[in-house]
Structure formats: C-alpha cells, structure tokens
Amino acid sequence: MKQLPEQLTKPFDASSVEKELYEMWEKSGYFNPDNLKGERPNAFSIVLPPPNVTGTLHTGSAIMLAIQDTIVRFKRMKGYKTLWLPGTDHAAIATQSKVEKDIYKKEGKTRHDIGREEMLKRINAFALESQATILTQMRSMGASLDWSRLAFTLDDERNLAVRTMFNKMYDDGLIYRGQRIVNWDPKGQTTISDDETESEERKGVMYTFKYSHDFPIAISSTRPETKVGDTAVAVHPDDERYKEYIGKEYTVEFAGCPIKIKIIADNAVEKDFGTGALGVTPAHSQIDWEIKERHNLPSKQVINEYAKMYGLANEELNGKKVTDAREYIVNWLKENNLIIKEEEVVQNVPIAQRTGAVIEPLPKLQWFIGVNKTFNHFGKETTLKELMRKVVDNKETSILPDRFEKVYFHWIDNLRDWCISRQIWYGHRIPVWYKGGEIYCDTEAPTGDGWTQDEDTLDTWFSSGLWTFSTLGWPNKTKDMETFHPTSLIETGHDILFFWIARMILFSTYALNETPFKQIYLHGLVRDAKGRKMSKSLDNILDPRELTKKYGTDALRMSLLVGNGPGNDLKLGEDKIKAYKNFANKIWNATRFVLERTTDHETDVELNNEDQAVYDAWIEKRLDITSDIENYRLHLASEKVYDYFWKVFCDDIIETRKARILENKEKESAQTLLLKLLREQIITIHPFMPFITEEIWKYIKRDSDDILMVTSW
RNA sequence: GGGCGAUUAGCUCAGUUGGUAGAGCAGCGCAUUUACACUGCGAAGGUCAGAGGUUCGAAUCCUCUAUUGCCCACCA
C-alpha cells in the first residue's frame, strides 16, 4: 500500500478547503474569458440576474447560482470562451423604502425632512456597503463569475445606457408623457406598473342604489364613495329599458355634493350585470376613463394621493379616508331611503406588491412606453409588441420549459402601455428638462438657464431591462458586445418572466434588432420539505450560509440540482442535503482507496477485455451525461453522476477489482481501470461539485495538467 | 371567468422519442471495523388519481371526470 498524502488521511472537511480553493480560482484569472487558454472560437455567455444590492443570499439565489455555475463550468471545460457576468440591482423602491424606514426609526425624520440630495447620498452609501455582503456570499457558492466585469444597475455606465435608450425611444415616439389612470400606491407614494400589482380576494358589499329620488336609473357599486366623482351613467345601446334616457342630462344632489350626470350608451356595458347601468367615474376607474375618452365626458378627481376625499362641496367628506367616506355615504343613502339592494360579494382588490397598500386608481401625468405604437424599426414598420412576439415565435429565443411560451404570448396580448415614471428619488432620473412650455429630451442636460429636470425616476426594470447589453458596454461599440451578444442563456425564476425577461426582449429587439439571449431557462421556487413557501412567519427558512457551513457547498449545490427539472418548484429539506454530504464523503474515500492501491501504476497499461468493457460502458455514460447538460437537463445529469459513482463505480467496480488487486489477478489492468475511471469522473463531477473535485485533483493530476476548472471535459 | 401545471412506493420526486415500473429518505433483516457506519448486502413495498379511447404494446398519446397548485383578468 502506498503512503497517502497527509491531507487525504483525514476525512473530507469542506469548510477547511473551500475558501482557499475559491481564492485560488479567482487568482488564476480564468473566470475572465480573456485569460482562458487555447483557440476557443465559440463564445458562451450568461449575465447573472442581478440580486438586490441590499439583499442577502437566500435559497432562491443559491439555486440560481448552482444551476448557472454548473453550466458555466461545463462550457468552460468544453472549450468555449465562457463569460458569466455578475452585477447587482439598485432595486429602487425596495432600497429607498428600507433606508427611509431606518432613518425614521433612528432619527424620526422623513425623506422630505432630509432633502433629495442628502437622502440620495445616504441611500447610496447604504447600498454600496450592503453590496459587499451579497458579493461575498455569491463567492461562497463557488460561483465562477468574472468579477472584473462587475456591473451595477445604477452606476455611470448603466446610467449612460439608460439615458441613451430613453432618448432614442423618445425620438421614435415610443416614450411619451400622458395623462392616464395609473396604479397609485398611497403607502409608497408612487405610481407602479400593472405587473407590480397583485389582486387579493376580499369580502365587500355591492350596493344597488339611485343617486337621488329624481334620477331614473339605479346603479350598482362596491365603492359608493367614488360616486361623488361620477359624470355619466352608461347603458348598453340595445337595452330597451333605458333607451328613452340616452342623451339626457341630470343634475342631482348626491351626499351633499351636486353632480351632473349624462346618460350615454356604450358597448362596454353588460346588460345583464347588476341593473345594466354603470355609474361612470372617469377619475377613479380604468374602464370609466376609457368611456370618458370615447364620449368626451368631463372628469372629476375626488380622491387624492393619500387615499382621502377632497375638493367636494360637502365639507364633511373632505379629508375622510375612502373607507370612512364609504361608510358615510352608505349611511346617507340609507337615511334617504335610496338603497335598493345590498349584497355581500367577494371581490378582487388590487394591492401594491411591495407595500401591500390598496391601489388607488388616479389620473396622473406620467411617462409611458407605447407598446402598440407603430414606428420605423430598421426600415420596417412595426410595434414593440410585434417585436417581442416575433423573437419567441420564430425561435430566435426559446423558453424552457416550453409551456411558458404560452404564458408569455398571453401576457403580450394583454399588455398595455408601460408606466415607467416613479415618484421616488433613488433611481435613474428621467432625462427630460422643462422651461416654461418647452420640453427637452437628450442624454445630457440642455445648456442655458432656467431648465429644470423632471423630478421623477425610472421604474427599476427599465435599467435591468438593458442588462444583457448595458453590461457589455452599450451604447459604445465594444469588443464584448461583438463577442458576447446575444448572450447564450438567461437563467432565472419563472416569477420574473414578465418583469424582467420580457422587458429585456423589448429593449434588445428594439435597440439592437436581436434577441438578448438564445435560450431562456426558468427554474421554480424553493419550498420547504412540506411544500410550503419559505417565510419568516412560518420559521421554515433554510439559510444557505448555514447549510454550506454544515454540509459543504458541494452538497448544497447537488441538493438544489438533483430532481429539479426546469419550471418546477423544488422541495428542500435538510435530509436531502445531508445525502449529498454523504456523497462527498464517498467520493473522498473512494479516492483514498484508489490512490492507496494503485501505487505501482502511475502510467496506463492496456486493459483486459473485461476491464475494457467496463471502461467503454463509462464512456457511454459520460456521453449521456454530456448530452443531458447540453440540453439543460441538469436534474438528470446530476443524478446520473451520483448514481454511477456510487452504485456502479464504488459498489461494483471497486469491490470486484479490490479482490483482484489483493489476489494479484490481472492486477495492472484493474489498477489502471480504477485510476482512469476516478480521474475521468472527477472531471465529470466538477461542474456540479467544484470544491471537492478541485481538491482531489491536486492528488491525481499529472504534471502537465492545469487546475481542474480549466481541464478539458 | 380564462390559461397552465401536478396527481407514480409510507414521504420527496425521476422516468428525455410509447417497449416487462426507478432513486433518495424512512422502515425491515443480515454483515461488525472493511477505502468509507457519512458503510455494505438482501428483502419488502406501486391496478402509475378515476373512466373511456388509439396501439401488437400506454405512467408516457387522445377525450372526459375528480382532487390540487400556480398565473392572468377593469364585471361596475
């Protein structure tokens, strides 16, 4: 028996080698594709979905890093010029509100007490300080990211890209400023896009009533407080019941407020719903606003940005919260005997995703991206919607799993103009300046006095939407753009398909006339062992930092890969992670055995027929695994790697060859077989479990070999 | 209301183009210092949600039903 190196005589201890190995990889320079050796005519590139700058590593980011790093390491070993580009996201609203909260807690001050400039300084300081945390944690997962290209959605280069894009779209007439009904978040004090809203089922009461006894038609509403803002009642043009009233105007006294109501006919009204008549409140309902536009009706705003009533003739109502106003008006209706019916209903109430506040639809002057507007695109008339549809339709990019293509198309078909302006301070400020009635849009401020810049900032997804090319140097013509765009793959959770993936497609097809990525891989959510969402209140959060300490990073990575097919949620319990810690130990011990028993045969001898057959079977298996990875079936590849090493190599091949080595029967062939299989499996396992394999490589590599990370697959 | 999934061993899930049902964990029996007890060997465990259809052959393809999850939607 051969004397083993000191390190190998002890059990494998992941925590003692991981940090050192990562530093070694980073120092090698091979994370940067410019330093990779050999010809490498084909490029493989991925941008990392940038985590929130103030965030910490959670199981969601761990799964993303595990999947992407496995693919990236594989491609690098396969000889591609491989770039995996890291960055962080400023996450406008989330970050600002966190800092605001902290300041209010410590100093009792609001952002308005502090002022825009000082506030931004503080948010920036917090963001940068916090960024270090998430970057360190990403390293701890073994992620082979090219840190030399690190980007931030709010740094100077990305700001230039944002201003350039805004300006280009403004010139093409795709970005416009308009008065519209927007989703107003009264808690966050800002507009939000349609995608940032959620709906929540709540019990409500549907009141059927008349404005006054003189008014001929009854209407229904769950929000009677908005009715003081009504300017019309709409009925279906074919509704015999109301035909005689169409075109007539009434002035009525409603809850102490005089309102002027015109009866109109519109096809949007359902004859069979409620009374078949719709009280039109243009200022506080999307559909009513559209009716107003069609019929040229007046609009009266009666609810302000704080979700309180205002501007009404009845002073008692002014300043009341909408819920209090509702109660007040229902009482008034009852006192005046105007209620015809009260019905308990379950309704979907729109909620702001970030703050949980009930959305108040308000008319506001905001910036929008027109998705249905026709414009000249590289010599062809088209719309943004068509561009977004086309790249998926013609397979320039394909989605895995493919059922999400339907989801994507459905979203596009229902997409309305995207409201991109936000009334917060942290973010890319809108590059538009005003002076008197003049308006100026460019990438730089206008010269001359008296110009003031638009106060608003852009939706955070505007800047992350440019991510695949803003990170490669756009709008400058760079070598990176030429080499790495379109990127090969984007890999992210399916929950941000609309927010992010779709927006990247929008900007890339628009500005570059090419898809941002050739392949989209969507993973699912990580849930706990019982299938519940991980949340603080359930106290079932698994912290990847603790898991890597306890079981080793390799074990955690494997547990996130095995059995986790694209698009499906993953249930994760500690048992599963522990199973892969055992696997790491198995690899370690098998290595010890092989190295102990093969002392005489550092060089290959010819295999006997039996051993050659075993080796050939492995080659088959390896081809199979390779094909799985190439087709993004990591859930199968990882399982096969595990199964072959343990069940075939250890339990069968080693056990039988062990006997032959001890009994000296065709010993050399057996030893060569074991060495070859060990060496090749360590290479194959490396993308999945980079740390233990790189550590073992130190003891099995030949003098001419480089580190395992760049060893040919 | 519309769309998309899921339903396979006690639990968690694989099953790539249809060809005699697989793994991990748990449980059961045996082995007792073996490279590895973070182990090995063995046995047990399933009408693949239900019904119908296509096929020589269906967990896999089609239709319907049930249960369940997710996404989307301005019924006032």
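Note: hydrogens, waters and symmetry copies are ignored here, and every other heavy atom, side chains too, is used. Just so you know, these numbers come straight off a predicted model, no measurement behind them. A note on names: the letters A, B, ... follow the listed sequences, proteins ahead of strands, and every chain is numbered from 1.
- Contacts between residues 626-646 of chain A and RNA chain B, counted as heavy-atom distances below 4.0 Å, involve A:Asp628, A:Arg633, A:His635, A:Leu636, A:Glu639, A:Lys640, A:Trp646.
- Checking A:Leu570 against A:Phe583, the closest nucleotide of RNA chain B that is more toward the 5' end is the one next to A:Leu570.
- Under the salt bridge (Lys or Arg N to Asp or Glu O under 4.0 Å) criterion, A:Glu491 pairs with no residue, sequence neighbours left out.
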Would you list the protein and nucleotides 26-33 of chain B atom pairs, both N or O, that sit under 3.5 Å from each other?
none

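- Between A:Lys571 and B:rC25 there is no side-chain polar atom (N or O) within less than 4.0 angstrom of OP1 or OP2.
- A:Lys576 has no side-chain polar atom (N or O) that falls below the 4.0 Å cut-off from OP1 or OP2 of B:rC25.
- In this view, A:Arg294 and A:Asp266 satisfy the salt bridge (Lys or Arg N to Asp or Glu O under 4.0 Å) rule, not counting sequence neighbours.
- Sorted by first and then second residue, the pairs that involve residues 338-349 of chain A and meet side-chain hydrogen bond (donor to acceptor under 3.5 Å, both in side chains), not counting sequence neighbours, are A:Thr222-A:Gln347.
- Every salt bridge (Lys or Arg N to Asp or Glu O under 4.0 Å) that A:Arg503 has, sequence neighbours left out, goes to A:Asp195.
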Detail all sub-3.5 Å separations between protein N/O atoms and N/O atoms belonging to nucleotides 73-75 of chain B.
from	atom 1	to	atom 2	distance (Å)
B:rA73	N6	A:Asn348	ND2	2.9

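- Rounded to whole Å, the separation between the P atoms of B:rU17 and B:rC71 comes to 28 Å.
- Listed by chain and residue number, A:His494 satisfy the ring pair (Phe, Tyr, Trp, His ring centres under 6.0 Å) test with A:Phe404 (two or more places apart in sequence, or in another chain).
- Partners of A:Tyr207 under the side chain to side chain donor-acceptor pair (under 3.5 Å) rule, at least two apart in sequence or in another chain, do not exist in this structure.
- With sequence neighbours excluded, the residues satisfying salt bridge (Lys or Arg N to Asp or Glu O under 4.0 Å) with A:Lys665 are A:Glu663.
- Note on A:Lys640 versus A:Asp643: no salt bridge recorded, every NZ/NE/NH1/NH2 to OD/OE distance being 4.0 Å or above.
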For RNA chain B, what dot-bracket results from Watson-Crick or G-U pairs at under 3.5 Å, with [ ] for crossers and | for inter-strand partners? (((((((..((((.....[..))))..((((.......))))......(((((..]....))))))))))))....
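- Below 30°, between 30° and 60°, or above 60°: for A:Tyr699 and A:Trp588 the angle between ring planes is above 60°, a perpendicular geometry.
- Side-chain N/O atoms of A:Lys406 and base N/O atoms of B:rC4 include no donor-acceptor pair closer than 3.5 Å.
- Legend: residues meeting side chain to side chain donor-acceptor pair (under 3.5 Å) with A:Thr59, ordered by chain and number and at least two apart, are absent.
- Between A:Asn568 and B:rA14 there is a side-chain N or O to OP1 or OP2 distance below 4.0 Å.
- Map A:Lys658 and A:Arg403 each onto its nearest nucleotide of RNA chain B; the residue landing nearer the 5' end is A:Arg403.
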